[in-house]
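Keep in mind that what you see is a predicted model, and the values were worked out from it rather than measured. Both ligands and their constituent atoms are indexed starting at 1 by order of listing.
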Amino acid sequence: KAKDAGKGQIIVFDQPLNDTFTERMNIEKQLYNALENDELEVFYQPQIDLTQNRVTGLEALMRWNNPKLGKVPPDKFIKIAEDSHLIIPLGAWVLRTACAFLKSLHEQGLSHLTMSVNISMLQLLQSDFNELVLDTLQASGLDPEYLELEITESVLVESYEYVSSKLTELRAHNIKIALDDFGTGYSSLSYLTHMPISTLKIDKSFIDSIRTGTHQAVLVEQIIMIGKRMNMCVIAEGVERTVQLDYLQEQGCDKIQGYLFSKPQAAQSVKELLTEWEKVSSLNE
Ligand code: C2E
Ligand code: MG
Ligand code: MG
Ligand code: MG
């Protein structure tokens, strides 16, 4: 990679520089006005509790539809939003929108549902982050125990002490903390003992290839075991096939999230889906 090359070395870019650079610049430029131009939307993906056989939560996922660029996936714009610090207003908006939506679901009788919101490191490092979260909860009228913040392990690498004390304060308010994409990136098992983690999210890459007897399966089994022993909730992400579901259920995984049950959807359609599912499950009782 170019950035790893030392002084005096010939730099060979692995992609045509101009294309990616122009694309990034373009995305950043359009992203600046995305909020005020009403181009952003929050989608929600159901999380299913395997013992209750019921949707118990939703994950909020940002969607962006720009007139010039079309639909830009989060994997393309979140990094740029972080680098340009735009993630701070965008992240605050997602949190506000998701909390307001959850409140409206609670008022419709779906009062057991929780909401998980992805949080970037840069947001956590803002000195007023905790205040923002608590104010947002208060404004929405939600009880803090229904909110879960999803962070990735990379968040924990930097400013470990600072982040840990901020999260501990939020946890003391009953807000839940999930470790996202668990098992990838900068994993260190010591985070589990030093951070106030309530939920482990097993990364999709482990789920993709689980079959009894494989190394992936061994890891998944052990992650579930660790979660259980440490009183954490374990959720598997990216569940697409029934064989995966059967396996996870057999292993005692608490919850799943994935296309098998539902893709992330717009607020209105997820609301209809949930209302429909609740009707069906109350008939079965
Ligand atoms: P994530 O938090 O790990 O979210 C899970 C991703 O997996 C989502 O992609 C979701 O749509 C996708 N997914 C869920 N089930 C399946 C499945 O069965 N099959 C497949 N192929 N994919 C599945 P999405 O929505 O494209 O988001 C990608 C990433 O962008 C997220 O990964 C998260 O890291 C980031 N992101 C999205 N929204 C936000 C946000 O509001 N704030 C921040 N900071 N990051 C966000
Ligand atoms: Mg997530
Ligand atoms: Mg994830
Ligand atoms: Mg991910």
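Residue Glu82 places every heavy atom at 4.0 Å or more from ligand 1. Within the 4.0 Å heavy-atom cutoff, Lys201 does not count among the residues contacting ligand 1. Not close to ligand 1: Pro73, with no non-hydrogen atom less than 4.0 angstrom away. For Glu59, the closest heavy-atom approach to ligand 1 falls below 4.0 Å.
Checked for salt-bridge contact, Glu237 and Lys204 miss the test: no charged N lies under 4.0 Å from a carboxylate O.
Annotation: angle subtended at the Mg ion (ligand 3) by Glu237 OE1 and Asp181 OD1 is 140°, to 10°.
Residue Asp180: an N/O/S atom is found under 2.8 Å from the Mg ion (ligand 3). The Mg ion (ligand 2) has no N, O or S atom of Ser116 inside 2.8 Å of it.
Ranked by closest heavy atom to atom 17 (C) of ligand 1, the top entry among Tyr259, Phe261, Phe43 is Tyr259.
Neither side chain, Gln45 nor Glu59, offers a donor N or O lying under 3.5 Å from an acceptor on the other.
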Residues Leu50, Asp254; criterion side chain to side chain contact (heavy atoms under 4.5 Å, CB included); working and verdict: CA-CA 6 Å; Leu50 292 179; Asp254 300 303; over 6 Å; no

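Those atoms of ligand 1 with a heavy atom of Gln45 less than 4.0 angstrom away are 14 (C), 15 (N).
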